[in-house]
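The structure appears right after this line, and notes come after that.
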Amino acid sequence: MEIITGSLIAITVLMVIYMWKQRSPEAEANNLPPGSLGLPVIGESISFAIKKVAFFKERHERFGRIFKTNLFGKRTVRVYGADNIRKLVSGEGQIVRSSYPTSVRKLLGDQALSMSHGDVHKEKKTQLMKYLSPEFFHNHCPILANTIAERVQKWQHQSPIDIHFETRKLFMELAARFLINIDITGEVIEQLMKELEIFTDNVFCLPFNIPGFGFYKATKAKQRMREIIASSLTESVNNNDTDGLSSVLQGLKAETNDVPIHENYALLDSIIDLLFSGSETVSSAGFSLLDQLSKHENVSERLRQEAHSHGLVKLEEPVCARDVQDMPFVDAVVKETLRMLPPVGGAFREVLQSFELEGYTLPKGWTVVFGIRETHERDSTVTSTSTFLPERWLHDKNSSSSSPSMFPFGGGARVCPGQAYAKMILKLFTVELSRSSALELVQDSPLCFWPSPKPVNKVLVNVTRL
Ligand code: HEM
């Protein structure tokens, strides 16, 4: 009885504190965007957990381009629109700064590039971009192209293939091999994929480490990923393959050399961070690409013609970086895929000083999330936004992802450092697939969009050698 009374008092005190906080001068400003802050503490998180992307859709339909809510314990404004995104990404460090929900910060850890700020952020980003230099592509492109070509050949013998599973496996292997420089394949990569999917699906949640809650599931998945990666690294060391890790991770390893690999959480978590940002995103785009090509034979045929016109006829002759840089239709197909099905649907910022957006006040301390998906869907300068139409980009002078209303890789100081790698891999994949194979959709599925586009059920595609 005493415990129940004590708990009730504690809950009441928490609710009073919360309501008092909600009455802070900023929150009382009567110029807040429309919408509801929901229940004390949990806000509208339960409704969001059930509805996911439909939660945003409903509110944007009701309130327009901007609304307020309370998610993951933070008072939040969600907004879309190219002009609004430009204002937010260019205001990094002045009016806003990158800031993810507590669950993401705790799960990815402070060492993650996206969680860091100031000089540490600059230093980490420079290192990653230096690693993914033109030289990296020059040196690795033939092996990347070869790995993709071999996998496509394998699919030709296994058809029909489950394209979500297979593209995740391929792009995870490529990330492990080229971003981290450890050779993880076969069953181990499948275990890692399974854990990374649990981690990714639950990383945005209320940070309650209680069995059954998303945070608990993601924490457990992270522990298992650490074990899998540590075992693979130990194996490399035992096989005298010690110069293993990519240069982005070498420095960190040297700094922490005296810590046994299984306990070197700084190193293991940096690897998980690279896999999280560099594999789940590219995998989602790779799945969407294959899915769209299997539904648009005319697009595959046009891609084939472009490959042939570049002399890429004999399948045994690998595609190189120079080839794919000069293929406007390949460019257009990748761009259209990232427009229609952006792997990252939105990005989080903390308001550093109150400012106005869409005529409303965004108070200091609140979170603002800009919707990339909604911007591509609703605010685009393009027409027929729900139709896959790569041709629309053929006369576009902008680079293969940027356009005034396209933000698949974000922008400003927080722009994605992996975009050159992602575009290169996706272009190689597009060329290899279209020049060697005919694709036939055998079984389709509706898509879900949280956290990245993926099918609800299996999508099966026949991949036949031409
Ligand atoms: C199609 C693939 C990809 C897409 C669509 C994508 C998208 C994005 C977006 C939208 C952001 C900005 C988030 C923000 O503004 O807060 C971002 C940041 C980031 N991405 Fe990517 N990304 C992709 C691939 C990659 C790859 C391959 C890597 C690793 C090599 C990577 C590493 C990162 C990192 C570390 C950040 C944080 C940057 C910072 O905070 O300064 N991404 N990505």
Side-chain angles (χ1 to χ4, degrees), residues 85-86 88-93 96-101 104-105 108-133 136-137 140 144 167 171-172 174-181 200 204 246-249 269-289 334-350 367-373 375-376 400-402 406-427 429-430 451-453:
I85 295 189
R86 269 193 291 278
L88 291 169
V89 296
S90 62
E92 179 74 21
V96 291
R97 73 170 199 168
S98 174
S99 169
Y100 283 78
V104 186
R105 281 209 311 274
L108 280 180
D110 292 336
Q111 84 305 318
L113 198 161
S114 48
M115 301 300 132
S116 55
H117 292 281
D119 290 344
V120 178
H121 170 253
K122 217 182 261 175
E123 167 65 24
K124 283 183 183 231
K125 198 156 182 172
T126 309
Q127 250 183 17
L128 180 55
M129 306 218 26
K130 233 194 235 166
Y131 175 64
L132 297 173
S133 65
F136 168 93
F137 295 110
H140 292 92
L144 275 168
T167 45
F171 293 113
M172 168 86 108
L174 294 180
R177 194 153 157 209
F178 295 99
L179 296 179
I180 297 159
N181 208 11
T200 310
F204 292 94
S246 63
S247 65
V248 234
L249 298 161
D269 292 356
S270 297
I271 295 177
I272 293 174
D273 180 34
L274 266 182
L275 285 179
F276 173 71
S277 43
S279 152
E280 289 296 280
T281 46
V282 185
S283 300
S284 168
F287 158 78
S288 302
L289 229 156
V334 171
K335 188 169 178 174
E336 182 67 348
T337 307
L338 294 172
R339 180 195 68 78
M340 256 184 85
L341 297 151
V344 176
F348 292 74
R349 299 290 185 269
E350 176 194 343
T367 294
V368 53
V369 183
F370 56 84
I372 295 173
R373 183 174 305 115
T375 301
H376 290 188
S400 76
S401 63
S402 63
M406 288 264 293
F407 299 90
F409 296 102
R414 292 281 169 174
V415 72
C416 176
Q419 69 169 302
Y421 168 87
K423 284 188 219 163
M424 174 60 69
I425 297 248
L426 292 170
K427 287 182 192 178
F429 183 56
T430 309
S452 293

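The chain is numbered in sequence order, starting from 1. Order of listing sets the numbers, starting from 1, for every ligand and every atom in it.
When only non-hydrogen protein atoms are considered, atom 40 (O) of ligand 1 lies nearest to Arg414 NH1, 2.9 Å. Nearest non-hydrogen protein atom to atom 37 (C) of ligand 1 is Ser114 CB, 3.7 Å. Remark: minimum distance from atom 15 (O) of ligand 1 to any protein heavy atom is reached at Arg349 NH2, 2.7 Å. Nearest protein neighbour of atom 7 (C) of ligand 1, counting heavy atoms only, is Pro408 O, 3.3 Å.
Within the 4.0 Å heavy-atom shell around ligand 1 one does not find Asp273. Residue contacts with ligand 1 include His121, since one of its heavy atoms falls under 4.0 Å from the ligand.
Here His140 pairs with nothing under the side chain to side chain donor-acceptor pair (under 3.5 Å) rule; sequence neighbours left out. Partners of Thr367 according to the side chain to side chain contact (heavy atoms under 4.5 Å, CB included) rule, which considers only residues two or more places apart in sequence or in another chain, are Lys74, Thr76, Phe348, Val369. Residues that satisfy the side chain to side chain contact (heavy atoms under 4.5 Å, CB included) test with Ser133, not counting sequence neighbours, are Glu135, Phe136.
At a cut-off of 2.8 Å, measuring from atom 21 (Fe) of ligand 1, the protein N, O or S atoms that fall short of it are Cys416 SG, waters left aside.
Close approach of ligand 1 to Lys125 (heavy-atom distance below 4.0 Å) involves ligand atoms 38 (C), 39 (C), 41 (O). Atoms of ligand 1 found under 4.0 Å from any heavy atom of Tyr421 (numbered from 1 in listed order, with element): 27 (C). The distance from ligand 1 to the heavy atoms of Leu179 drops below 4.0 Å at these ligand atoms: 30 (C).
The side chain of Ile372, and not its backbone, has at least one atom closer than 4.0 Å to an atom of ligand 1 (non-hydrogen atoms only; side chain from C-beta on).
Taking 4.5 Å as the limit, some side-chain heavy atom of Ile272 sits within range of a side-chain heavy atom of Asp269.
In this structure a side-chain-to-backbone donor-acceptor pair under 3.5 Å is missing from Lys423 to Val334. In this structure, the side chain of Ser452 does not engage the main chain of Thr281 through any donor-acceptor pair within 3.5 Å. With hydrogens and angles ignored, the 3.5 Å screen pairs a side-chain donor or acceptor of Thr126 with a backbone N or O of Lys122.
For the side chain to side chain contact (heavy atoms under 4.5 Å, CB included) with Leu174, the qualifying choice from Leu144, Leu179, Val282 is Leu144, the only one to do so. For the side chain to side chain contact (heavy atoms under 4.5 Å, CB included) with Leu289, the lone residue among Leu341, Leu426, Thr167 that qualifies is Leu426.
In this structure, Phe370 has its ring center at least 6.0 angstrom away from the ring center of Phe407.
Under the 30°/60° scheme for interplanar angles, the aromatic rings of Tyr421 and Phe137 are found to be tilted.
Of the candidates Tyr100, Phe276, Tyr131, the one placing a heavy atom closest to atom 16 (O) of ligand 1 is Tyr100.
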